[in-house]
Every structure is written in C-alpha cells, then in structure tokens.
Novice: 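Dropping the structure in here first, questions after.
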Amino acid sequence: MAKGNINVAVENIFPLIKKFLYSDHEIFLRELISNATDATLKLKHISNVGDAKVEYGNPIIEVKIDKKGKKLHIIDQGLGMTAEEVKKYINEIAFSGAEEFLDKYKDKADETGIIGHFGLGFYSSFMVAEKVEILTKSFKEGEDAAHWTCDGSPEYTLVKGKKKDRGTEIILHIADDSTEFLEESRIKELLQKYNKFMPIPIKFGTKEVSVELPKDAKEDAKPEKKTIDNIINNPNPAWTKQPADLKDEDYKSFYRELYPMQFEEPLFHIHLNVDYPFNLTGILYFPKMTNDLNMQKDKIQLYQNQVFVTDNVEGIVPEFLTMLRGVIDSPDIPLNVSRSYLQADGAVKKIASYITRKVADKLKSLFNDNREDFEKKWNDIKIVIEYGMLSEEKFFEKADAFALYPTIDGKYYTYDELYNKIKANQTDKDDKLVILYASNKDEQHSYIEAAKAKGYEVLLLDSPIVSHLIQKLETTKENISFARVDGDHIDNLIKKEDTKISKLSDDEKKTLDELLKEVIPSEKFMVQLEPMDSNASPFIITQPEFMRRMKEMQQTGGGGGMFGMGNMPEMYNLVVNTNSKLVSEILGTKTKKKQERLINQSLDLARLSQGLLKGEELTNFIKRSYDMIK
Ligand code: ADP
Ligand code: MG
C-alpha cells in the first residue's frame, strides 16, 4: 500500500474547487465521460496502429447509480492506467492543471460563466463527491490493476487493485449536498444534455423490449420480452459524416433528433466541413422565420469533439446567423475564456467569416439551381438575409446575387433585374432612379393603384428592418432613392416635368388657402396646394418618406435616434389638387357652412383611404355622409 501527497501548494484545494465552481457543478459528469471516451478512442487508435495485441471489440461506457451506497459509477473499457500512470496523470499532471486553473480564476468568483468550461477535468468530480475512487487496469500485458482513493484532502492512497478486465471505473461517493446526482432523472437529463452525440455508446440502465414472435407461433402465445442495455446517445451524428453519404431525409431526421419539440421542417441545410486553417464541422438549418426579430435565438448548439459545450454561440457565429439552428463542432474554439476575449480571438474571427461565406455560397447555389423554389422560400428567409446584408459587409456584397425584391404582383427581381426593368420608366427629371415600394397591400391600396396606372413597378417590402436596408442600398448604389407609394402624390414621387399648368388664378389660390386654413387643423396637417392631373384625387394625405423612415428605424433600433424623432408629433401633408373639379366646386359654393362641410368631408375621405379615420371622427363622418345624401 502506498500513501502519498498530491503535489499541491495550497493546503486544502478541494474546498476551493467546490467554491469556485458552484454554478456549474453538473459538468463533472461531462468531464468524466469525456475522459472515458478519450480512453476508449486512444485504445481504438492503438489497436488500429497494431502496436499492441488489443482486442478492441465493441466497448461501451456505463453510468450506474447506487442509491443505497450513495455512489455513482462511471465505467469504461478503454486503455486503463497502470499504477505508475495513475501517479503521473492523476496525482501530478492533472492536478497541476487544476491548480493553474484555480490560480487564474480565484479572484473572479463572480464570473461564474467562464469557470466550469473545461480546464478542471478529473478533479471536477470533487465538486459533488466527498471521496473518489479509481479502479483501473491497463491494456498492457502483465500489469496489475490499481486502486486509487482520495477523500478530498491532498492525501491519497494507491494500492494494488482487483479489477480483472481492461478499463477504468470511477466511483464517486456523492456528498450530502449533492444527492441530486443520485437521482435517475437528473443523471438522465445531464446525459441527454452533454453526451447525446458522443462517439462511444453510453449505457444508462436497461430497458425491456418485446421480441417479435416467430411466424409459426401459436395464437395464444404471449409476446416475449427481453432486457437490453439502454443506450443514451447517438455515437454517429449526421454532422460527423460526409455530405455525400447523406440524403435529404437524413438531414431532416437529424433535425428532429436535435429539436424533438420542433414540428416544422427546416427549409434547407448547410453542411459545414473544413480542416484548414482550423477544424470545424457542423450542420446549419434555416427554419421558417417569422417577422418577429425577437424570436428565440440560441438554438445553435456548440460542440467540442461531439461533447456539448453551450447553446450560447454569441461571438462565434455572426449575429445574423444566430437565428438559424443546428450544430457546430470545433476543437479550435477556446472555451475557458470570457466572451469579450472570445470575440477578439483570431481563430474565432476566421470561423465567423468562414461560416458567413459558406452561408452566402449556399444561398447562391440554391438560387441558381432552383430559382422557383428559392422564390417560394424567400418570405421565410428574407429576415436573416436582410439582417445579414445590414450587419456584414462581406455578406452584403455576396447577397447582391441572390437577394430578392418582390413586387406587389408576386414577381421577384434581383437588384440588377429590377434596375434594368424600371430604369427607363422610373427615372426622374434629375436622373435619379426612384424605386417605389409599399409595406402593406391593403392599407396602401389606392396609392399602389395610382402608381400602377402609370406603369410603375411597386415592390412589397414588409420586413421590420426594411427601412434600414433601404437606407443602406441608397448609400451603396448610385443615384437611386426609395419612395413608399403613400409618401406623396405619385407625380411628386417621380417628378418628370417641372410645372403643371394650374387652373386657378393666384387670387383664387389665395382664397382657397385661407379657407382651408380655417377648417383644417394646422397641428395635424401641412396644407400644400398642387396643380395635378384633374383626374387625381382632390385631397391626398401623405407622410414624407424621410420622416416616416426615421421613425421606423428608431423603432427597430439605431438609425434615426440621433435626429431626436422620438418626440416628433404625428404630422401629415395634405396635398390639395387645385386642378380637381371638387376644388373648383368648393370655391364656387356660396355659403361658408356648405364650404366647410365639403372640405371636412373631403378631408375625412382622404383620411379614410389612409386608415386614419377612427373613433368619434369616424362616427361623425358617417353621420355627415348620411345627412348629405338624405
Ligand atoms: P485531460 O482529460 O484534459 O487530460 P483530466 O484531468 O480530465 O485532464 O484527466 C487527466 C488524465 O488522467 C488524462 O489525461 C488521462 O491520462 C487520465 N485519465 C483520466 N480518466 C481516465 C480514464 N477513464 N481512463 C484512462 N485514463 C484516464
Ligand atoms: Mg479530461
């Protein structure tokens, strides 16, 4: 029997381990299973290389609860350790790692988020155990089994063990404050969370399955049951395979495995696979998106060699892609560091730009290969693409090839296609190309119709960040501007000639202006007299593009904030068509009362077409209308 002291500077380091890792005690199981997996994979490697006579077989890892004995067992059939190796790897090397780790973080007890992400390995078992035993037997011929015991003080014992078969069994004597880890449901939950895709099968308990009866079985024969190992994990998840070996259905079923509660199928997937200059594999899925920007993020899961690490990928994946789902697996992402450090890390930056590029390439090939299908999916993916165009310059450049601009009639143009289509008809007298758009087909119906009557194309742009995107396009592309159809009378949105002849004399205009000012509330409307087409509506309410856009941008963050639009009252322009028949009629009407009635009625009609007439005003309007036709 050997006794010894673990090589420590700090007298009692175990209480420290416990204290500093309090928020993340559960990771001990991930660490121990990772070690068991490493040991098994190392053995596989040795047997492949043929260095030693090893029967690899079909090794599994077993997790066993002994509730009565208050013990948790983690058993592997890996390469095991000799007594010498236990001394070296457990007493010296592993511990120096633990010490270094604690040294680094002992002043930062608050940043519990970073502590607990790797670094402690084997010794994290002391977060939940008052005593830990290692029973191990090396694969090397002629070596005795070893039995190591440590009760949480720097003292350990190491004696010859009785273990017969190759591998390692870790026994945790669970401490009184950690008895949750003796509950089957809790352990199962942890295995599901961290070990669902680990490469070695993990057994946790057994289950009964019914055996199929032979064909010639008697009718009253009872179906037979047999007990088999309950394997928790899928050791060969889709992302570890070659894309060529997977069918569309395989990707879909992997999606269901990842998100069992998600009933909607993903729209498409992207298989990531790179080994230089960093290692990364994974599968990303585009789910159906809504226009809700606050939709739950953090659905992408991050793995390190098939071990779950986190589902908070902020800083690793470009923000616009956090709306996607799936898996990223990389041994090259530094995990025991703070988020801000992570964002500055060179490898992580490369990974982010690689992922951005892959996503752009995939979208482009989807667009090229099956445009019709891509158009169908556009509504469900546009929010990610538009967000990406706004936030990543590289993506913006690439997206020019596949970003679509749908029209109100259901046609889809790329930017270049749109440009060529409308260039001749929608360039104004100052040589500026005006791109018309609507945000709501129903609410802006009359304006859309007016634009269409001129042969103009009207886009339907309805995502919540579209005002930001428009702003960006206007500054990137040359000599264009976007105008929402209800921003002004159509002739003013795309100005072609300088002046239209007015039917009214200057005197008449003055009379009209004064009359309107008496009736129309000046705090709500800026009256503007315009000689327009005599067929155009007599009264038109518009909201200037600039003002409306700033407001929208402010609502969705950024943009107009600096203009202080927040306190701006809701103001509209009232464009009065001086060439309309109705205006002549108002001027020609004898009594003031009648004139007022006509003006109010016209104003209300204009409000009605903008959806601005509500409540008491609407009631009054209806009453007045009945009076007029009585
Ligand atoms: P790491 O896994 O990062 O090396 P750990 O503290 O988890 O650090 O483990 C320390 C060492 O102990 C391992 O590198 C390995 O040599 C040895 N070890 C731990 N668990 C096992 C095991 N189940 N089988 C064989 N060796 C093990
Ligand atoms: Mg380890």
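Both counts, for ligands and for their atoms, begin at 1 and track the order of listing.
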Novice: Got a sec, which residues hit side-chain hydrogen bond (donor to acceptor under 3.5 Å, both in side chains) with Glu392, two or more places apart in sequence or on another chain?
Specialist: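 With sequence neighbours excluded, Glu392 shows a side-chain hydrogen bond (donor to acceptor under 3.5 Å, both in side chains) to no residue whatsoever.
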Novice: Between Phe122 and ligand 1, does any nitrogen or oxygen pair lie at a separation below 3.5 Å?
Specialist: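 Yes, there is a polar N/O contact under 3.5 Å.
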Novice: Have a look at Thr136 and tell me which of Asp76, Thr82, Thr168 forms a side chain to side chain donor-acceptor pair (under 3.5 Å) with it.
Specialist: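 Among Asp76, Thr82, Thr168, the one meeting side chain to side chain donor-acceptor pair (under 3.5 Å) with Thr136 is Thr168.
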Novice: Who gets closest to atom 26 (N) of ligand 1 by heavy atom: Gln77, Met81, Glu169, Lys88?
Specialist: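 Result: the heavy atom closest to atom 26 (N) of ligand 1 is in Met81.
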Novice: Given Asn35, Thr37, Asp76, Thr136, which has its nearest heavy atom closest to atom 7 (O) of ligand 1?
Specialist: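 Ranked by closest heavy atom to atom 7 (O) of ligand 1, first place is Asn35.
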Novice: Could Lys193 and Glu26 be called an ion pair, given the rule that one side-chain N must be under 4.0 Å from one carboxylate O?
Specialist: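 The answer is yes: the pair qualifies as a salt bridge.
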Novice: With the side chain counted from C-beta on, respond yes when Pro277 and Lys350 share a heavy-atom pair under 4.5 Å apart, and no when they do not.
Specialist: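 Touching, per the 4.5 Å side-chain cut-off.
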Novice: Short of 2.8 Å from the Mg ion (ligand 2), name each protein N/O/S atom, waters not counted.
Specialist: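 Protein N/O/S atoms under 2.8 Å of the Mg ion (ligand 2): Asn35 OD1.
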Novice: Using the side chain to side chain contact (heavy atoms under 4.5 Å, CB included) rule, take Ile33 and Tyr194 through it: C-alpha gap first, then chi angles, then the decisive distance, then the call.
Specialist: CA-CA 9 Å; Ile33 291 180; Tyr194 292 107; over 6 Å; no
Novice: Salt-bridge test for Lys88 and Glu85: reply yes if a basic N is under 4.0 Å from a carboxylate O, no otherwise.
Specialist: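 Between Glu85 and Lys88 there is no salt bridge, as every charged N stays at least 4.0 Å from the carboxylate O atoms.
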Novice: Just which atoms of ligand 1 are under 4.0 Å from any heavy atom in Ala39?
Specialist: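 In order of number, 22 (C), 24 (N), 25 (C).
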Novice: Pick whichever of Lys42, Glu31, Glu85 has a heavy atom sitting closest to atom 15 (C) of ligand 1.
Specialist: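 It is Lys42 whose heavy atom sits nearest to atom 15 (C) of ligand 1.
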Novice: In ligand 1, which numbered atoms sit nearer than 4.0 Å to a non-hydrogen atom of Ile90?
Specialist: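 Once the distances to Ile90 are compared, the set is 12 (O).
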Novice: For Gly121, take its heavy atoms, then give the atoms of ligand 1 lying under 4.0 Å from any of them.
Specialist: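 What qualifies from ligand 1 is 5 (P), 6 (O), 7 (O).
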Novice: Only one of Tyr285, Tyr255, Phe197 clears ring-ring contact (aromatic ring centres under 6.0 Å, His included) with Trp239; which?
Specialist: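 When Tyr285, Tyr255, Phe197 are each tested with Trp239, the ring-ring contact (aromatic ring centres under 6.0 Å, His included) holds only for Phe197.
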Novice: How many angstroms lie between CD1 in Ile60 and CD1 in Ile231, if you round to the nearest 0.5 Å?
Specialist: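 Reported value, rounded in 0.5 Å steps: 5.0 Å.
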Novice: I need the Asp332 CG to Leu280 CG distance, nearest 0.5 Å.
Specialist: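 Here the rounded value is 8.5 Å.
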